[in-house]
Participant: 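Can you keep this structure in mind? I'll have questions shortly.
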Amino acid sequence: MKIILNFLKQNGMSTWAITKSHNAINLSFSEDKMVVFLEDGRELAVPLEWFPNLRDATNEQLANWRFIGNGEGIHWPELDEDILVERLLD
């Protein structure tokens with residue numbers, strides 16, 4: 001898990017800020033959603049309905065993925081589908 005705590009001092013007040021990672025470390029699928037596991041411990045469930053190529057893919061096609069950019073994105077070569085993890089967080 002990668003969480004970076006930054007100590008900030010502004011206007012005479014001290015605060016801690018958490019910098020979260022947007023990089024994925026794993027991926028899983030259920031019948032109707034994709035779960036992206038992030039480096040900082042968060043899990044993001046996304047409806048497959050958002051991605052028709054993934055929704056209509058076979059289990060074998062869904063399983064054939066790889067990370068791009070050290071977990072910044074996910075690529076399915078057989079489906080010609082790329083997803084940027086940071087966009088899922090918007």
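Predicted, not measured: the structure shown is a model, and the values here were computed from it.
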Participant: Measuring from atom NE2 of His22 to atom CZ of Arg42, what distance do you get when rounded to the nearest 0.5 angstrom?
Facilitator: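 Reported to 0.5 Å precision, the distance equals 5.5 Å.
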Participant: Identify, with sequence neighbours excluded, every residue that meets salt bridge (Lys or Arg N to Asp or Glu O under 4.0 Å) alongside Glu60.
Facilitator: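 Counting only residues at least two positions away or on another chain, Glu60 forms no salt bridge (Lys or Arg N to Asp or Glu O under 4.0 Å).
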Participant: Can you check whether Asp32 reaches Glu49 side chain to side chain, under 4.5 Å on heavy atoms?
Facilitator: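 No, too far: nothing below the 4.5 Å cut-off.
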Participant: With side chains defined as the heavy atoms from C-beta onward, is the minimum distance between Ser30 and Val35 less than 4.5 Å?
Facilitator: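 Not in contact.
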Participant: With side chains defined as the heavy atoms from C-beta onward, is the minimum distance between Leu62 and Leu54 less than 4.5 Å?
Facilitator: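 The answer is yes; the side chains approach within 4.5 Å.
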Participant: Supply the atom-to-atom distance Met34 CE to Phe29 CZ, rounded to the nearest 0.5 angstrom.
Facilitator: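 Interatomic distance, Met34 CE to Phe29 CZ, rounded to 0.5 Å: 5.5 Å.
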Participant: Rounded to the nearest 0.5 Å, how far apart are CD of Glu86 and CG of Asn23?
Facilitator: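 It is 9.5 Å, given to the nearest 0.5 Å.
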Participant: Any chain of hydrophobic side-chain contacts (each under 4.5 Å) joining Leu48 to Phe51?
Facilitator: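 Result: yes, single cluster for both.
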Participant: Is the closest side-chain heavy-atom distance between Asp82 and His75 below 4.5 Å?
Facilitator: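 Answer yes - side chains close enough.
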Participant: I'd like to know if Trp50 and Leu89 are part of one continuous hydrophobic network [Ile/Leu/Val/Met/Phe/Trp/Tyr, side-chain heavy atoms within less than 4.5 Å].
Facilitator: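 Leu89 and Trp50: one cluster.
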Participant: Around atom CG of Asn70, are there more than 12 heavy atoms from other residues, nucleotides or ligands closer than 6.0 Å?
Facilitator: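 No.
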Participant: Would you compute the distance between atom CD1 of Ile74 and atom CG of Leu88 and round it to the nearest 0.5 angstrom?
Facilitator: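 These two atoms lie 6.5 Å from each other.
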Participant: To the nearest 0.5 Å, what is the distance between CG (Asn59) and CG (Asn64)?
Facilitator: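 With rounding to 0.5 Å, CG (Asn59) is 12.5 Å from CG (Asn64).
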Participant: Take Ile83 and Val46, measure what side chain to side chain contact (heavy atoms under 4.5 Å, CB included) needs, and give me the verdict at the end.
Facilitator: CA-CA 12 Å; Ile83 295 175; Val46 182; over 6 Å; no
Participant: What residues, two or more places apart in sequence or in another chain, satisfy ring pair (Phe, Tyr, Trp, His ring centres under 6.0 Å) together with Phe67?
Facilitator: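 Partners of Phe67 under the ring pair (Phe, Tyr, Trp, His ring centres under 6.0 Å) test: Trp65.
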Participant: Tell me, yes or no, whether the heavy-atom count around Asp56 atom CG, taken from other residues, nucleotides or ligands under 6.0 Å, exceeds 12.
Facilitator: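 Enclosed.
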Participant: Please enumerate all residues that pass side-chain hydrogen bond (donor to acceptor under 3.5 Å, both in side chains) together with Glu31, with sequence neighbours excluded.
Facilitator: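 Testing Glu31 for side-chain hydrogen bond (donor to acceptor under 3.5 Å, both in side chains), a comparison that skips the adjacent residues, returns none.
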Participant: On a heavy-atom basis, which atom in Val36 and which in Ala24 lie closest, and how many Å separate them?
Facilitator: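 Closest pair (atom of Val36, atom of Ala24, distance): CG1-CB, 3.6 Å.
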Participant: Mind checking whether Asn53 and Trp76 have side chains closer than 4.5 Å, heavy atoms only?
Facilitator: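 The answer is no; the side chains never approach within 4.5 Å.
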Participant: Rounded to the nearest 0.5 Å, how far does CD of Gln61 lie from CD of Glu78?
Facilitator: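 One gets 4.5 Å once the value is rounded to the nearest 0.5 Å.
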